[in-house]
Amino acid sequence: MDTVGYSKWVDGLEEVPGGHWGRWGHWGRRLLFVGLVLVVATVLWALILSILISKASTERGALLGHQDLLRTNGLGTQALLQRARTELGEAQAKLIQQESALKELSDRVTQSLAEAGRDREDIRSELFRALEAVRLGNRSCEECPASWLPFQGSCYLFSVQRATWEESQRNCAGAGGHLVIVGDLDEQGFLSRNTRGRGYWLGLRAVRRVRKIQGYQWVDGVPLSFSHWNVGEPNDSMGREDCAMMLRTGMWNDAPCDNERDNWICEKRRSC
């Protein structure tokens with residue numbers, strides 16, 4: 001028997017020290033280490049989760065607090081808005097009352113001015129009448145000249161010739177009168193009935209300053225009070241319509257003073 005070979009074979013079967021228990025001890029230490037790692041990781045995760053939950057709870061509380069604050073501020077803002085609406089409504093009501101009072105005052109002023117204008121026309125007529133009476137020595141009223149029409153103490157000439165406004169005024173002055181001054185609706189009605197389907201110059205001109213019309217005045221220097229303008233007139237077309245004329249309908253229109261297509265109406269007080 002080969003003892004050398006047996007000896008090598010026996011040497012190859014040499015067991016690990018401790019046998020099976022030694023192997024289990026080695027794997028047990030590894031399992032214990034893994035278990036410790038898991039425990040530590042679990043504790044760490046629990047700690048992290050606890051911190052996160054605590055922080056989330058704190059933030060939630062803060063958000064709830066902000067929500068309550070916003071709700072409180074919202075209620076306050078609504079109250080302020082409601083108060084502002086109320087004050088605005090009261091201010092609008094006062095404004096409407098003031099506007100109504102202002103309109104009423106404006107109507108009264110307009111009415112007073114109209115009455116003052118009529119009184120002024122009456123005074124002017126009486127003044128002309130008195131001056132004529134003094135000039136003629138208080139003689140009885142004379143009849144209007146031929147071709148002149150009488151109306152309420154004045155004589156009126158409706159020309160058949162045509163001329164510019166300036167020439168028309170000179171023609172009236174040469175006849176002892178002036179281009180007609182329309183004082184009220186009665187006189188306007190008389191003129192309208194005698195226009196004979198023509199256009200006639202009136203004794204009314206614009207007062208212009210810096211190329212802009214400031215108003216109108218009659219040939220005697222009295223500002224315009226009564227008027228009978230056509231619809232849309234006066235419009236000062238092209239910025240050169242300074243003189244007034246009566247259309248065939250009796251309505252007034254502004255026109256260039258150098259227009260030679262219109263007749264004219266002269267007026268003078270009856271001699272008394």
Side-chain angles (χ1 to χ4, degrees), residues 114 117-206 216-230 233-234 241-272:
R118 288 192 294 269
D119 293 342
R120 182 189 60 196
E121 293 297 332
D122 293 341
I123 293 173
R124 184 172 62 179
S125 298
E126 292 299 325
L127 179 61
F128 284 163
R129 190 190 303 272
L131 291 175
E132 288 292 327
V134 172
R135 187 174 66 84
L136 298 173
N138 291 325
R139 294 181 299 173
S140 59
C141 294
E142 297 179 357
E143 296 294 331
C144 292
S147 301
W148 292 66
L149 301 179
F151 181 77
Q152 292 184 350
S154 293
C155 299
Y156 300 84
L157 174 66
F158 293 79
S159 76
V160 295
Q161 296 86 13
R162 298 178 180 181
T164 64
W165 190 93
E166 295 286 354
E167 293 173 346
S168 300
Q169 173 63 6
R170 286 196 294 268
N171 289 330
C172 290
H178 52 76
L179 281 174
V180 63
I181 297 173
V182 187
D184 53 36
L185 191 59
D186 291 337
E187 188 175 11
Q188 173 64 42
F190 164 76
L191 298 175
S192 298
R193 292 190 296 271
N194 291 277
T195 54
R196 301 170 187 173
R198 299 173 183 173
Y200 294 87
W201 287 118
L202 304 176
L204 184 67
R205 288 198 65 164
Y216 291 84
Q217 69 178 19
W218 296 103
V219 289
D220 60 355
V222 176
L224 176 66
S225 56
F226 169 80
S227 63
H228 199 60
W229 295 108
N230 193 26
E233 302 295 344
E241 295 187 338
D242 286 351
C243 294
M245 49 86 62
M246 184 182 297
L247 300 170
R248 298 179 180 181
T249 59
M251 305 299 293
W252 299 1
N253 174 55
D254 59 341
C257 297
D258 58 357
N259 186 358
E260 298 180 345
R261 294 176 297 177
D262 295 313
N263 305 89
W264 66 87
I265 303 174
C266 294
E267 177 186 6
K268 65 178 179 179
R269 299 299 300 176
R270 296 179 64 180
S271 299
C272 295

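On a predicted model such as this, the values are computed, not experimentally measured, just so you know.
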(message) With side chain to side chain donor-acceptor pair (under 3.5 Å) as the criterion, how do Trp252 and Gln188 come out once you've worked through the C-alpha distance, each side chain's angles and the decisive distance to 0.1 Å?
(response) CA-CA 10 Å; Trp252 299 1; Gln188 173 64 42; 2.9 Å; yes
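Salt-bridge annotation for Glu166 and Arg205: present, with a side-chain N of the basic residue lying under 4.0 Å from a carboxylate O of the acidic one.
Taking 4.5 Å as the limit, some side-chain heavy atom of Tyr156 sits within range of a side-chain heavy atom of Glu187. Inter-residue side-chain proximity for Asp220 and His178 is flagged as unmet; no heavy-atom pair is nearer than 4.5 Å. With contacts defined as side-chain heavy-atom distances shorter than 4.5 Å, the pair Cys144/Leu149 does not qualify. Side-chain contact between Asn194 and Phe151 is absent, with no heavy atoms from C-beta onward closer than 4.5 Å. Under the 4.5 Å side-chain criterion, counting only non-hydrogen atoms from C-beta, Met251 is in contact with His228. With contacts defined as side-chain heavy-atom distances shorter than 4.5 Å, the pair Trp264/Gln161 qualifies.
The 12-atom threshold is exceeded at CZ of Arg198, counting heavy atoms of other residues, nucleotides or ligands nearer than 6.0 Å.
Minimum heavy-atom separation, Phe226 to Val182: CE2-CG1, 3.7 Å. Residues Trp165 and Cys243 share a closest heavy-atom pair of CG-SG, 3.5 Å.
Considering Val180, Asn263, Leu179 in turn, Leu179 is the only one that fulfils the side chain to side chain contact (heavy atoms under 4.5 Å, CB included) rule with Trp201.
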